[in-house]
Structures are given as C-alpha cells and as structure tokens.
Amino acid sequence: MPQYTPPLRDMRFVLHELLQVTDELKLLPKHAEVDADTINAVIEEGGKFCAEVLAPLNLSGDQEGCTLDTATHAVRTPKGFKEAYAKFMEGGWPSLSSDPTYGGQGLPHVVNQCFYEMLNSANQAWTMYPGLAHGAYECLHAHGTDEQRALYLPKLVSGQWIGTMCLTEAHCGTDLGMLRTKAEPQPDGSYKITGNKIFISGGENDLTENIVHLVLARLPEAPTGSKGISLFVVPKFLPKADGTPGARNPIYCTGLEHKMGINANATCQISLDAATGWLVGEPNKGLPAMFVMMNAARIGVGMQGLGLTEVAYQNAVAYAKDRLQMRSLTGPKAPDKPADPIIVHPDVRKMLLTARAFAEGGRALAMFTTLQIDKMLGSDDADERKQAEDTVALLTPIVKAFLTDNAWLATSACMQVFGGHGYIKESGMEQFVRDSRINMIYEGTNTVQSLDLLGRKVLGDNGAKLKAFGKQIAAFVEDEGTDEAMQEFVNPLADLGDKVTKLTTELGMKAFGNADEVGAAAVDYLRVVGHLVFAYFWARMAKIALAKKDSGDPFYTAKLATARFYFAKLLPETAMLIRSARAGVKPLMEMDEALF
C-alpha cells in the first residue's frame, strides 16, 4: 500500500525562506499576529491528520467506491470516510481560513493551502467533499444576502453542512450559456427550480446532515447565453426557523457516474423537480457570482495535481531505492547484492527528478499565488490589492493547467519507475495516474484555461498583467546578473523572458487577422509561460540554496541539484513549444472536415 510523509521541510522552506511569508503577513492587519511557530504547528498537525487518518483510506476507498440506493437516492461513501470526516470536524480543520464572524479561525489562506496540498496527497477523492464546501462558503460570503450568510456560513465553516456547485448539463459541458434548468419565482420570494445537472462532485453523500447546493438556472424571459444565468442556493433539506434541517427538498441524485478515477468521490447526476431555492446575488448575474467559487476550485484542482505529484514521487523514490534490477552501466554499485537498486540508472533518476522538480516548483507557485490572495483580501492599500488581484488572475489558469499537466506526466513517470508492478492495483501507483487525469478536464479543461490565459488575461489587456509580473522577473535578473554562480539559472530565465515577450507580440498581431490563431497557440503558450514562472521560482530557490550549500544541511544540496536538473532537462521543452505555437492555425485547419 502507498505511504505518505508530509513534506513539511520543503513547505517551511517555501513559506519562510522563499516567500518570507510572516513578513508579508505583518503588513495585513487581520494576519499581523500570525507568526512562524503558529504556521509550522498548524501544518505539522494537519500533516498528521493526512498521513494517519486519510492516507490509509485512499486505496480501499478507490476499490470500494460509492454506492447509490436508487429507492431513496441516498449515497454511501466508502468505509471509513464518514468517520474520517467526523475527525476532520473535531479537529476544527474546515474553519482554518474562514471568517471569524462565522466561526472561522481566520488564518491566512496560504496556511490552508499547505493543508490542502497534504489532503490531496493523502486522499484526493475524500478531499473533494470539504474542498467544494469551502468554495460554496467563499461564494456565499461574497454574494449572499445577510440572511443567507447568517444561515449557511456558520454551518459550512464548521463542516456541519457541506456544499456543491451544480453547473453543467449533459448537452452543454463547459458552455454554460446553453444550460436549460429553469427557476420560477414564487410569491414568498423563493424560486421553484427544475432541471437536470451532471458531473456534480459530492452531489449526494452521507458525511453531513445537509448539503448546500449552488445551482445555475434561468429565470423566465432571461436573455439567451451566459448573460441570462442566475445563481441559487438550494439546500438538500430546507432549514427550519431554528436553522436545523427540515423538509426534504426535491433535489435528488439519480445516478452515479462510473469513472476512470476518483472512484471514492460521488460524481452525481442531479435532478431538480421544482426544488425550492433562493437567489444569490443579482438576477442574470449568476455566472460572475459563481466565478468566485469556480476560481477557488481551479486553484484547488491545481493543488490536487500538486498533491498527487508529491505522493507519487515519494513512493517511486522508496521503490527505486529498494528494487534490485540489472547493473549500472559504469559497473556495480551494490557489489554485495545480486543486482543494483534501480535508482542508479540514469533514466530512472530522470523520471524521479522530473516529478520532484514539478512538485517543488508547483509548491512555490501555488504558495506564492495563495499569498497574493491573502493580500487581495487583506491589504489596506488599494493599489496593493489591485496588483495582487491582477497577479492572481494571471496565475490562476497556470496553477490549474500547468500543475495538472505536470501531475499527469509525473504520476505516469512514477508508475513507470515501478515497471510492471506499477500497473498492479496493490502498488497504488496506477490510482495516482487515474486520479490525476480528471484534473486536466474538470473546472474548465486545460484548453479552456489556456484560452483564458492568452485570450483574456494577456491579449485582453494588451499584456498589462503579464508585463507587471515580468517586471518582477526582470528585477531579479538584474539583481543577480553579476553573480557568476547564478548565471546557469539567470541566463536561461532572461532568455525565456525575452522569447515570451516576442511570442506574445507575434500572437497578438496574428489574432487581429484571425482569432483562430489564439486557439491554435493557446495550449503551447500556457505551457511556455508556466515554465517562465517555474524558472523564476527555481532561480530564486537556487539562490537561497547556493547561499546555504555549505551549511551542512543536505536539504540545500538537494534543492540545488533539483534546480540544475530543471534548467538542464525540463526548461528546454519551451523551444519546441514556441516553435509549435508559431506554426499557427494553418496546419490545424487546412484539412477538409470530410477527410477526418
């Protein structure tokens, strides 16, 4: 069975040495008292919960899956899940970064994000249940009425109730402007909502006493397309006057999807038969309101990819050190044994280092992005809030798509390290591969994220957000340009920065003539910019490691070696991607459809 050890040392490195997180938090009034000892204690205890309670349920939960009682529409989660959720609530973990007004602990989001990385490493399918509840909390916190906040937020914060988002329908997928679910206004101010939703993660479960569904639907005579969508809160049980669950609302699970991965999470088909709901936000403005939850979910999916990358790496390393097979090409490395451990072989090391570099680079990016969320929500300086908001907007599609693409590559590589044993369920490695594949699809496919990055976040504002982030990179390059020891990191970073600037300009000019040029280049472009961001953080981490490489702590030796591997073996991928992006739309569109 796979094992998991929380990567606390690297988390502390990213938080305290790379990001200087406590210095940043001191400038935010509501987090000014948060110190390093508090942060370290929280993530250490969170790591224990993940390793001791959740990780042992991951393999068995995948094998058992969820069960639907078609007569009652009730879903039973795998053995141990409900008990684990009870311990989750007892530990106060749902409330970690929530508003103290509603019972939250008020800790920074960056601390909560460390916890969620570990949750995802330990058991992604289980983690999706409370993860979506936190997204529902964020949406209602931002757009709910005072009455809705007072009713729902304390229950979501405590974990007593759980949340979902009911967006898509069978015929529309990501194109939510095509949805057909209807909402009919009632004299008492409520609405009767009728329709069918699919792919609703955690849409029915036995973990909590009530489920708070956030549902997209159309009002009568609403405009067509996405401008005619409204958002409603539709509880599974209608709350009574005292806030406890009352009558059953006719919103039911009618089927469970039989999936390739995340089998322990109930992916539900949901039917609403004149279910009672209440409008959240303004009429026909449901999509912008839901985007609060969707953007949180997109970063959360990136964390799922990061978590799987880390746990797959850990298990592949342990196996590679133990598994004996063949001799090193340069002579026996374990002459007292019948063969050498496979970690001596160059290509095995390449696979392991690929996963390690993607995990540690992803952790730096994810924590940096989440720190910007804390600034966006907590700074007293309007300019700082706007700068942080722009940075989060730019990086969110990269966190979602780049980290999940990398997870697919990393988990596949780590399964390969196991050879034939990686293909066998008992090793657990094939589950990491299956689970990682969904993360590239849901919450907006990675192609959608790529179109968002290039079309909206870069070309949409003439590159302003990208240029602002580029200034951070340029300042770092200038500061380190005279340090001979940093040239192996700074020079390729500066070179890629220049190439991204040129590529962006070229694609922008092409898009004026043919908008399909954006669609043709977007996926390549996101991956190039993803590497630019990774290269920036890896160069910064290398600087710290160089300064401490003689400290006697092998952590810095390993960090420096991983940085060198990243720049030598992974960053060169950008040359191919840039060439592909420049090839344009013609090779994709010139074939007649009839010839496919």
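Because the structure is a prediction, the values reported are computed rather than measured. Positions are given from 1, in the same order as the sequence printed here.
- Although no hydrogens or angles enter the test, the distance criterion places a donor-acceptor pair under 3.5 Å between the side chain of Asn123 and the main chain of Trp126.
- Classification of Lys457 and Asp461 as a salt-bridged pair fails, no side-chain N sitting under 4.0 Å from a carboxylate O.
- Relative orientation of the Tyr319 and Phe418 rings is parallel, given thresholds of 30° and 60° on the angle between their planes.
- Relative orientation of the Phe469 and Tyr536 rings is perpendicular, given thresholds of 30° and 60° on the angle between their planes.
- Using modelled atom types, one finds a donor on one side chain and an acceptor on the other under 3.5 Å when comparing Asp35 with Thr38.
- At a cut-off of 3.5 Å, with distance as the only test, no side-chain donor of Asp553 or Ser551 sits close to an acceptor on the other residue.
- Counting non-hydrogen atoms of neighbouring residues, nucleotides and ligands closer than 6.0 angstrom, the NZ atom of Lys510 exceeds 12 such neighbours.
- For the residue pair Ala133 and Leu156, the shortest heavy atom distance occurs at O-CD2, 4.3 Å.
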Checklist entry - Going through the distances and angles, do Trp538 and Phe489 end up as a ring pair (Phe, Tyr, Trp, His ring centres under 6.0 Å)? => result CA-CA 8 Å; Trp538 266 117; Phe489 310 113; 9.0 Å; no
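- Using modelled atom types, one finds no donor on one side chain facing an acceptor on the other under 3.5 Å when comparing Gln124 with Asn120.
- Salt bridge Glu310/Arg363: present, at least one basic N to carboxylate O contact under 4.0 Å.
- Relative ring orientation between Tyr137 and His141 is described as tilted, the plane-to-plane angle lying within the 30° to 60° band.
- Open room surrounds CZ on Arg579; 12 or fewer heavy atoms of other groups in view lie less than 6.0 Å from it.
- Within 6.0 Å of the CD atom in Gln387, the count of heavy atoms belonging to other residues, nucleotides or ligands does not exceed 12.
- Contact between Leu140 and Leu153 at its shortest, heavy atoms only, is CB-CD2, 3.8 Å.
- The backbone N or O of Ile262 sits less than 3.5 Å from a side-chain atom of Asp435, completing a donor-acceptor pair.
- Under the 3.5 Å distance criterion, with hydrogens and angles disregarded, no donor-acceptor pair is assigned to the side chains of Gln3 and Asn315.
- Looking at every heavy atom in both residues, Met118 comes nearest to Pro7 through CG-CD, 4.4 Å.
- Taking the ring centre of Phe476 as origin, the terminal cationic atom of Arg540 falls outside the region bounded by 6.0 Å and 45° from the ring axis.
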Item to check | Steps toward side chain to side chain donor-acceptor pair (under 3.5 Å) verdict (Ser580, Asp524) | outcome: CA-CA 7 Å; Ser580 175; Asp524 293 332; 2.6 Å; yes
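- A donor-acceptor pair under 3.5 Å is absent between the side-chain atoms of Ser412 and the main chain of Leu409, judged by distance alone.
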Next on the checklist: Does Tyr525 form a side chain to side chain donor-acceptor pair (under 3.5 Å) with Thr504? I'd like the steps, not just the answer.
Outcome noted: CA-CA 8 Å; Tyr525 182 85; Thr504 304; 2.7 Å; yes
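- Applying the 6.0 Å contact sphere to NZ of Lys502 captures no more than 12 heavy atoms from other residues, nucleotides or ligands.
- Side-chain atoms of Ser379 never come within 3.5 Å of backbone atoms of Met376 as a donor-acceptor pair (strictly under, hydrogens ignored).
- The closest side-chain heavy-atom distance from Leu453 to Leu394 is below 4.5 Å.
- Between the Lys569 side chain and the Phe567 main chain, no donor and acceptor come within less than 3.5 Å of each other.
- By the 6.0 Å contact criterion, NZ on Lys465 is enclosed, its count of non-hydrogen atoms from other residues, nucleotides or ligands being greater than 12.
- Rounding to the nearest 0.5 Å gives a distance of 13.5 Å between NZ of Lys26 and NE2 of His31.
- Using modelled atom types, one finds a donor on one side chain and an acceptor on the other under 3.5 Å when comparing Thr404 with Asn446.
- When side chains are defined from C-beta on, Leu451 does not count as touching Leu526, because their heavy atoms never get closer than 4.5 Å.
- Comment: Lys30 does not engage Asp374 in a salt bridge, judged by the lack of any side-chain N to carboxylate O separation of less than 4.0 angstrom.
- The side-chain contact (heavy atoms from CB on, under 4.5 Å) test applied to Glu44 returns Leu8, Lys48, not counting sequence neighbours.
- A donor-acceptor pair shorter than 3.5 Å can be found between the side chains of His16 and Asn40.
- Here the closest heavy-atom approach between residue Ala320 and residue Leu352 is recorded as CB-CD1, 3.9 Å.
- Side chains of Leu25 and Ile39 form a contact here, defined as non-hydrogen atoms less than 4.5 Å apart.
- Going from atom OG1 of Thr370 over to atom OH of Tyr116 covers 13.0 Å, rounded to the nearest 0.5 Å.
- The side-chain hydrogen bond (donor to acceptor under 3.5 Å, both in side chains) check on Glu443 picks up nothing, with sequence neighbours excluded.
- The number of heavy atoms from other shown groups lying within 6.0 Å of CD (Glu24) is above 12.
- For Thr391 and Gln372, the side-chain atoms include no donor-acceptor pair closer than 3.5 Å.
- The heavy-atom pair separating Gly163 from Ala136 by the smallest distance is CA-CB, 4.1 Å.
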Item to check | Candidate pair Leu466 and Val500, rule side-chain contact (heavy atoms from CB on, under 4.5 Å), full reasoning | outcome: CA-CA 10 Å; Leu466 182 63; Val500 167; 4.2 Å; yes
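- With rounding to the nearest 0.5 angstrom, the CG atom of Asp498 is 12.5 Å from the CG atom of Leu503.
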Item to check | Chi angles and distances behind the side chain to side chain donor-acceptor pair (under 3.5 Å) call for Glu138, His109 | outcome: CA-CA 12 Å; Glu138 295 284 2; His109 284 75; 3.2 Å; yes
Next on the checklist: Applying side-chain contact (heavy atoms from CB on, under 4.5 Å) to Arg527 and Ser450, what does each step give before you reach the verdict?
Outcome noted: CA-CA 8 Å; Arg527 193 150 185 85; Ser450 301; over 6 Å; no
Item to check | Test log, rule side chain to side chain donor-acceptor pair (under 3.5 Å), inputs Thr447 and Thr445 | outcome: CA-CA 5 Å; Thr447 298; Thr445 67; 4.6 Å; no
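- Each of Met351, Arg356, Glu360 was checked for a side chain to side chain contact (heavy atoms under 4.5 Å, CB included) with Tyr313, and the lone residue meeting it is Arg356.
- For the 3.5 Å distance criterion, the side chains of Tyr4 and Glu52 fail to qualify, holding no donor opposite an acceptor.
- For Asp381, there are no side-chain hydrogen bond (donor to acceptor under 3.5 Å, both in side chains) partners, not counting sequence neighbours.
- Taking the six-membered ring where tryptophan is involved, the planes of Phe402 and Phe358 are perpendicular, since the angle between them exceeds 60° and thus also 30°.
- Taking the charged nitrogens against the carboxylate oxygens, Lys548 and Glu17 do have a contact shorter than 4.0 Å, which makes a salt bridge.
- With a 6.0 Å radius and a threshold of 12 heavy atoms from other residues, nucleotides or ligands, Arg582 has its CZ atom above the threshold.
- Considering OG of Ser98 and CD of Gln105, their distance stands at 8.5 Å, rounded to 0.5 Å.
- The environment of Gln487 atom CD is dense: over 12 non-hydrogen atoms of other residues, nucleotides or ligands sit within 6.0 angstrom.
- Within the 3.5 Å criterion, the main-chain N or O of Val585 finds a donor-acceptor partner in the side chain of Glu517.
- Val518 and Ala511 make their closest contact through CG2-CB, 3.6 Å (heavy atoms, listed as atom of the first residue, atom of the second, distance).
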